[in-house]
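Numbers here simply count residues along the sequence, with the first being 1. When reading the values below, keep in mind they use all heavy atoms of this one structure, side chains included, and skip hydrogens, waters and symmetry mates.
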Amino acid sequence: MKTSLLLFICAILILPLNAQWNSDTNINTPICTAFYKQKEQRLESDGKGGAFIVWKDWRFDGFLPDIYVQRVDSNGYPLWTVDGAVACDEPSDQSTPAITTDEKDGVIIAWSDERSGGKRDVFAQRIDANGNKMWAVDGVPVATKVEREHSEKIVSDDHGGVFVVWEQERLDFSWDIWAQRIDSSGNAVWVSGGIPVCNVTANRINHKIQRDGEGGLFVTWQDERSGNFDIYVQRIDANGNLLWNTSGVSVCAAPGVQSNPKIDPEKQLDGVYIAWVDKRNGTDYDVYCNRVDSNGNVLWGAMGKPVAVGSGNQSAIDILSNNKTEGLIVTWKDNRSPNYDIYIQKINLSGEPVWALNGIVVCDAPEDQLNPNIISDKAGGAIIAWQDFRYGDWDVFSQRVSANGIPQWTVNGEAVSTAVGEQESPKNIPDNKGGSIYAWEDKRGGVSKDIYIHHLLLEDTTRVGIRNQYGLTNIQVYPNPFQANIHIDLALSSNSKISFRLYNQLGVEVYSNDQFTDANSGHFEIKLESFNLNSGLYYLAVSTADGFQNFAVLKE
């Protein structure tokens, strides 16, 4: 059963509300709680510390979804119609919305659309900063051919328009990757129906795209031309010309299956990093990556470089690179232990791992952690969000990892949402101040899902509960969950008074212990046999002259 977070009636511990942002992780900030369900949310920064959120919405009749969008400012206030503004409510099925900036304070949205009555097509709409539609009322056609077009990905063309890349079905039910450019007025720039990104006949799926900084874009995908899926990449200029020969460039052609590539900019040589999930060992999935320069030269060999090749499956990757990372940061879900955990690794410019072999732990809390999403912390590190089952149903947690690979927030992550019901599929974007804005699918209302958001600031990530002041080093709290006793190991810089406080979910102190210890005494045990504590969630605060930290601990 879901437990609630701790609320302290204490001025020095509780943090103030920041306008409409609700700091209580049991409450959060609703974006849409309209009739029936809302899901498939995506975010884009508004460039001013706020966010645009787009989602798929069944409010009209519960059967045929539409596309809605909302903007929130930096204080968390929704700026448009309550429960969102309509991007497209044409009377058919609209699904899988994608969103990108129009570079003019608004956004462009693309989606998969069934209005033709046959197979799906792709449509797009531009929304200005005030929520007004800039193109045709139900969007402009991007691809409306006889074949099915879906799984659209979009990125700005740097001129108020957009590149759209999608999967297109063949007569033999295999798939190809096609692309189109739409200008700032909603007109197709390239040939009608778009262009294929590769002229070799093969099954191609799971594409990702990235703009190239010169008015064009990169496209990567998994490609079955060799009999197994491999990873390929192509560069397309602003006029729709394929720049890296018409068959694309092989990023990895190792034995076995390579799948689910992710792509991010490579700033030193104006190219890209590409990472993927790899089954070359024939047993389980690992993570590999490669680096490609602006001319299509593959720099880390035909097989790529390993990111994580540990036991069990490593999958569900996300990646980050920018001017400050000086390399590539990769996160993934990992079941080297019995449950799925979240790990992270940094790869330097030579393709070698920077942090611990096979990655460092972001979260190994009890039960499964899934669906990691990574963004920049604007200081060379990363902020990761994921869905987390540690309390018996899905919640959302987050962690910041510094440029040196050191987790900066509470061990196993800060809570983003711990409301009743399920919170799933989190996405996050930078707030441009070192913090993060999050959105997720939320089932706290019962049967149907809604869309909620939350904000964690760089300076005060623990919005409810005990605030952490770091300074203690190498601190470990175990076992977790505990039954009777809790053990604490920590390093002290000097002789110091150390205090332990244990609080229940109502903020009531249920245990306290103060003692003076020397710097060489680094192991402590809290004996709780005589306290008759009920099973559930508690909060342990450990403080010394060096600082204080808090930990969520679960009693079995």
Side-chain angles (χ1 to χ4, degrees), residues 15-23 28-32 41-55 67-87 97-110 124-135 154-162 184 210-211 213 264-265 320 322-324 373-385 396 398 400 416-417 426-440 451-461 463:
L15 297 175
L17 294 177
N18 184 6
Q20 187 66 19
W21 294 117
N22 194 311
S23 62
N28 307 117
T29 300
I31 286 296
C32 181
Q41 82 291 346
R42 298 292 184 270
L43 296 92
E44 178 68 30
S45 173
D46 71 354
K48 302 178 186 300
F52 298 98
I53 307 99
V54 65
W55 64 90
I67 306 299
Y68 278 73
V69 63
Q70 180 62 277
R71 182 182 179 188
V72 295
D73 66 16
S74 61
N75 294 316
Y77 287 107
L79 298 180
W80 300 341
T81 306
V82 174
D83 285 329
V86 174
I99 188 169
T100 191
T101 177
D102 69 355
E103 300 293 349
K104 298 181 184 296
D105 297 326
V107 289
I108 298 174
I109 301 164
Q125 180 62 268
R126 182 178 176 189
I127 310 287
D128 72 11
N130 298 312
N132 301 308
K133 297 179 182 180
M134 304 299 288
W135 297 342
I154 65 175
V155 68
S156 170
D157 72 352
D158 298 323
H159 296 283
V162 66
S184 61
Q210 177 68 47
R211 48 184 169 179
D264 229 34
L320 168 68
N322 55 39
N323 284 325
K324 293 185 177 180
N373 196 77
I374 191 170
I375 62 168
S376 171
D377 71 349
K378 303 299 182 180
I383 299 173
I384 306 98
V396 179
S398 184
R400 180 183 175 215
V416 173
S417 182
K427 303 294 180 184
N428 62 324
I429 59 171
D431 67 359
N432 296 326
K433 297 180 180 179
S436 180
I437 297 173
Y438 307 80
W440 61 90
I451 305 298
Y452 278 74
I453 60 173
H454 196 71
H455 187 197
L456 290 182
L457 300 175
L458 173 64
E459 295 84 3
D460 47 287
T461 53
R463 301 305 302 269

* Asked: Can you list every salt bridge (charged side-chain N to carboxylate O under 4.0 Å, His left out) pair that touches residues 46-55, not counting sequence neighbours?
  ->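 Residue pairs with at least one partner in residues 46-55: Asp46-Arg71.
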What heavy-atom pair brings [X] and [Y] nearest, and what distance separates the two atoms?
X	Y	value
Gly381	Leu320	O-CD2, 3.6 Å
Pro97	Val54	CB-CG2, 3.8 Å
Pro426	Asn373	O-CB, 4.0 Å
Gln210	Asp264	OE1-OD1, 3.7 Å

* Identified side chain to side chain contact (heavy atoms under 4.5 Å, CB included) counterpart of Ser398 within the set Ile375, Ile384, Ile383 -> Ile383
* Give me the one residue out of Leu43, Thr29, Ile31, Leu79 that meets side chain to side chain contact (heavy atoms under 4.5 Å, CB included) with Val72. =>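 Output: one option passes, namely Ile31.
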Just verifying a value: how many Å separate [X] [atom1] and [Y] [atom2], rounded to the nearest 0.5 Å?
X	Y	atom1	atom2	answer
Arg42	Lys427	CZ	NZ	4.5 Å
Trp55	Ile99	CH2	CD1	10.0 Å
Ile437	Ser45	CD1	OG	7.0 Å
Ile429	Ser376	CD1	OG	12.5 Å
Ile154	Glu44	CD1	CD	8.5 Å
Ile108	Thr100	CD1	OG1	7.0 Å

* To do: Test Leu456 against Tyr438 for side-chain contact (heavy atoms from CB on, under 4.5 Å), laying out the working first.
  => CA-CA 8 Å; Leu456 290 182; Tyr438 307 80; 3.5 Å; yes
Do [X] and [Y] make a side-chain contact, defined as non-hydrogen atoms from C-beta onward lying under 4.5 Å apart?
X	Y	answer
Gln41	Ile453	no
Glu103	Asp158	yes
Ile127	Met134	no

* Counterpart residues, side-chain hydrogen bond (donor to acceptor under 3.5 Å, both in side chains), relative to Asp73 (two or more places apart) ->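 Partners of Asp73 under the side-chain hydrogen bond (donor to acceptor under 3.5 Å, both in side chains) test: none.
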* Stepwise, does the side-chain contact (heavy atoms from CB on, under 4.5 Å) test hold for Asp128 with Lys104? -> CA-CA 8 Å; Asp128 72 11; Lys104 298 181 184 296; over 6 Å; no
* Indicate whether the side chain of Ser417 and that of Tyr452 have a donor and an acceptor atom separated by less than 3.5 Å. =>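 Not at all, the side chains of Ser417 and Tyr452 share no donor-acceptor pair under 3.5 Å.
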Is the backbone N or O of [Y] less than 3.5 Å from a side-chain atom of [X], with the two atoms forming a donor-acceptor pair by type?
X	Y	result
Arg126	Ser184	yes
Asn75	Tyr77	no
Asn130	Asn132	no

* Asked: Taking the inter-plane angle between the rings of Trp80 and Phe52 on a 0 to 90° scale, is it parallel (under 30°), tilted (30 to 60°) or perpendicular (over 60°)?
  ->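 Taking Phe52 first and then Trp80, their aromatic rings sit tilted (interplane angle of 30° to 60°).
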* Worked check of side-chain contact (heavy atoms from CB on, under 4.5 Å) between Asn22 and Asn28 -> CA-CA 5 Å; Asn22 194 311; Asn28 307 117; 5.7 Å; no
* Lys378 and Asn432: CA distance, side-chain angles, deciding distance, side-chain contact (heavy atoms from CB on, under 4.5 Å) verdict -> CA-CA 7 Å; Lys378 303 299 182 180; Asn432 296 326; 3.8 Å; yes
